[in-house]
Amino acid sequence: MDLDAGGSTSAPAPPSESLGASAETKEEERGGKQVMVVLVGPPGSGKSTFAEAVAGGSATAGRHWVRVCQDTIGNGKAGTKVQCLKAASDALKEGKSVLIDRCNLEREQRADFVKLGATLHVDVHAVTLDLPAKVCISRAVSRKGHEGNLQGGKAALVVNRMLQKKDAPLLTEGFSRIMSCNDDGDINKAVDLYSTLGPSDSLPSGVFGQKSKGPVQVGIMKFLKKADSTGVEESSGHKLTLGERKPGQQNTLPKQENVEAMFSCTMEVEKGLNDKKKNEEHAKQTDCYDDGSCTLAFPSISTADFQFDLDRASDIIVDTVANFLQKHDSIRLVLVDLSKKSRILSLVKEKAAKKSIDSRRFFTFVGDITQLHTKGGLQCSVIANAANWRLKPGGGGVNAAVYNAAGDSLQHATKKCADALRPGTSVAVPLPSISPLHQREGVTHVIHVLGPNMNPMRPDYLNNDYTRGSKLLHEAYSSLFENFASIVRSHMGKVNNESGTEKSASGGTSLKDTKIKREDNHVSERMKKYKLLPPIMTVNQQHACTKANTPNGLDNAMTSSAVPNQTKQGNNKKSSVVAGKTWGSWAQALYELAMNPEKYKNSDSILETSDEFVVLKDLYPKAKRHVLVISRMDGLDSLADVKKEHLPLLRSMHSAGVKWAQKFLEEDADLVFRLGYHSVPSMRQLHLHVISQDFNSASLKNKKHWNSFTTSFFRDSVDVIEEIEQHGSATTSSDEKVLAMELRCHRCRSAHPNIPKLKSHIANCKSPFPSHLLQKNSLLSSSTMHMDST
DNA sequence: GTTCTAGAAC
DNA sequence: GTTCTAGAAC
């Protein structure tokens with residue numbers, strides 16, 4: 001059998017026969033193993049032909065193949081990935097080998113199949129059908145009766161877009177073998193290879209046949225994109241290492257490809273099966289430093305703006321570094337400062353030497369931390385930022401420099417991870433590949449760190465308390481380094497398994513960190529709502545910041561002891577049950593405001609406060625003008641609770657609403673207002689909506705939003721008052737089914753298929769409002785106003 | 001209430 | 001492929 005049918009090899013691991021005794025044993029163990037072949041290719045590349053040839057061919061050498069095709073898995077129609085996974089799993093459990101016939105062009109698309117293979121202990125191979133896009137498109141366009149109904153003009157578009165998002169399969173994804181077919185000849189060989197693979201045969205691991213892709217793809221891109229061919233050659237297949245990239249050269253590599261290149265060293269360590277393992281590992285370690293993949297550059301924290309004593313700071317840096325390097329190998333730390341005369345650099349250098357810290361793994365560096373590669377020739381995949389607690393740009397120093405160099409994308413990416421930082425913590429932010437800092441310097445992550453503050457002009461001043469300051473500075477560096485280790489680890493995957501137990505115990509897993517960050521985001525999100533941030537940090541926010549990325553629960557004094565009892569109670573109040581209804585924590589923001597408006601008096605969202613109500617600008621207005629008149633009466637949660645005794649309150653709220661509508665009409669006479677309550681509100685505490693009827697707002701996003709203001713779910717204030725006067729209570733019967741009703745224009749009642757279409761309609765609909773609204777005097781406009789306001 | 005995400009619809 | 005929705009999380 002031609003085991004090397006894919007042609008030339010670029011595999012990191014040589015064919016099995018040269019691997020020596022241990023590898024042979026392994027090969028033996030694998031004998032008879034099932035295979036899952038994940039086909040990778042756009043529509044028209046011949047995946048189905050391939051799969052059918054292998055699975056349906058008569059030449060199968062006794063191996064039972066099952067073709068899992070997404071285009072037909074749903075009773076002959078297109079199905080889902082989940083269905084494919086299930087079918088693959090079933091077949092594998094029956095002892096069969098499987099061909100996954102779907103595009104699988106993106107890494108994410110393949111991941112679940114690789115995972116399934118790992119779970120069931122079968123080899124997972126990738127076979128890439130890498131034919132010119134032109135060929136695929138013309139085949140896809142001209143074919144008839146395609147199983148997935150992808151043909152004709154639509155096909156060209158789809159193939160085109162798919163190819164732009166393509167990630168070449170990598171061994172690090174978990175494939176034991178990757179084979180690339182660049183033409184029909186290659187495909188035929190591959191079909192032969194798999195259809196003649198007997199039940200006890202196995203194929204060598206590695207990457208086969210990937211080398212001739214470059215020129216082919218250049219042609220594709222010209223064909224597809226017309227213009228902009230910068231960097232196409234690189235992005236098409238030839239793997240660049242960061243070291244190969246020339247300064248200033250535009251890097252168009254997808255991020256993941258970069259990451260792989262960076263961590264290729266570790267991948268090879270994993271493959272290092274031979275006797276010289278240790279030596280090789282050492283050599284690889286050096287490579288890994290050269291390409292910056294294991295290197296963190298960090299500035300001295302807290303010593304500049306925050307005026308932390310340099311001598312103590314240098315002790316803490318050296319201690320923390322020494323401690324950290326002991327626990328983690330294959331990691332390099334570099335302390336960076338701009339000035340040659342930097343006192344902190346010389347102190348650290350001196351103390352590190354005294355402690356005999358390996359100078360290859362930790363050293364000081366004079367230079368701009370945002371230009372280490374281009375100006376300093378030092379490649380670092382991760383840099384630390386001496387951030388401020390709000391994680392915002394500006395302020396000078398390293399923070400300003402990093403944000404400036406990284407561009408807006410850092411700000412956006414940061415916002416996704418955290419809203420604020422407590423002293424002594426850090427947060428790692430993946431730097432988008434569009435960031436100049438990523439492209440130019442090869443920086444893939446920025447870790448924001450906040451140290452203690454000894455400067456009386458800055459927040460959280462420690463008033464010369466160096467006991468606490470030192471603890472916090474130590475925590476800040478530990479958190480920074482652990483975050484860095486997590487980044488390295490998360491890309492190394494299973495590497496270093498033998499020592500992994502100890503290491504993973506020393507820092508939180510990145511998954512866990514992400515989860516924590518998300519929780520924090522939610523908490524902060526809630527506080528951001530209505531911009532209700534009192535001048536002093538709120539309890540919830542303090543909590544959020546404290547939690548922010550504190551690695552593996554370092555005993556943070558602020559978390560466990562220094563927070564007042566009140567805080568803990570506050571946080572425990574995740575939901576409360578009032579009169580049978582459960583309100584989630586997010587739903588209580590209005591209640592909290594109504595009970596303690598004085599806390600939020602500085603918020604510019606609050607328009608007016610009285611003993612009876614608070615008037616608030618809705619932070620997510622569903623129209624040009626949208627305010628809430630919130631009752632301050634405790635226990636009055638929603639319309640269902642309203643009784644006769646509340647009539648005076650309802651009337652006051654109504655008047656307040658009218659007053660504000662009038663004010664808005666003075667500014668914009670074209671508006672029309674409606675005042676009313678939601679039958680079943682989402683947020684606790686009775687609140688009256690005062691909303692202009694343009695509904696021109698980006699915050700109006702879904703059917704529920706629309707229907708809650710334009711159906712019987714919205715109860716006009718005048719009606720509610722009348723009803724209570726007559727019956728003593730308001731009808732809230734309106735079941736929530738109306739919220740799911742079709743989308744109809746509130747003026748002309750025409751129906752629209754979706755929100756965007758509806759929005760473009762209402763932007764131009766000039767029909768008069770429905771007569772029931774006009775008759776009832778429910779609408780406030782500049783022409784009706786003089787009547788209502790008297 | 002919003003945000004996030006999977007997957008249906010196009 | 002993109003757009004949009006619905007459901008679940010908080």
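Throughout, a chain's letter reflects where its sequence line sits, starting with A, and its residues are numbered from 1.
C/dG1 atom C1' lies 15 Å from atom CD of A/Glu108, rounded to whole Å. Between the CH2 atom of A/Trp583 and the C1' atom of B/dG1 there is a distance of 11 Å, rounded to whole Å. Following rounding to the nearest Å, A/Leu758 (CG) and C/dT3 (C1') show an atom-to-atom distance of 16 Å. Rounding to whole angstrom units, CD1 of residue A/Ile691 and P of B/dG1 are separated by 10 Å.
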Trace of the salt bridge (charged side-chain N to carboxylate O under 4.0 Å, His left out) decision for A/Asp637 with A/Arg684: CA-CA 5 Å; A/Asp637 289 347; A/Arg684 179 181 177 188; 3.3 Å; yes

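Among the protein residues, A/Thr80 comes within range of the sugar-phosphate backbone only, with heavy atoms under 4.0 Å from sugar or phosphate atoms but none that close to a base. Among the atoms of the strands shown, none is found under 4.0 Å from any heavy atom of A/Lys704.
A centroid separation of 6.0 Å or more is found between the aromatic rings of A/His746 and A/Phe714. Not less than 6.0 angstrom separates the ring centroid of A/His687 from the ring centroid of A/Tyr677.
Here CZ of A/Arg67 is found 11.0 Å from CD1 of A/Ile100. Values are rounded to the nearest 0.5 Å.
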Pairwise N/O distances under 3.5 Å, protein to nucleotides 4-7 of chain C:
{"residue": "C/dT5", "atom": "OP1", "partner": "A/Ile755", "partner atom": "N", "Å": "2.9"}

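Considering all non-hydrogen atoms of both residues, A/Val114 and A/Glu173 come closest at CG1-O, 3.1 Å.
Checking the phosphate oxygens (OP1, OP2) of B/dG1, no side-chain nitrogen or oxygen of A/His705 falls inside 4.0 Å.
Donor-acceptor pairing under 3.5 Å is lacking for the side chains of A/His412 and A/Thr414.
Here A/Trp586 packs flat against the base of B/dG1; its ring centre is closer than 5.5 angstrom to the base's six-membered ring, tilted by less than 30 degrees.
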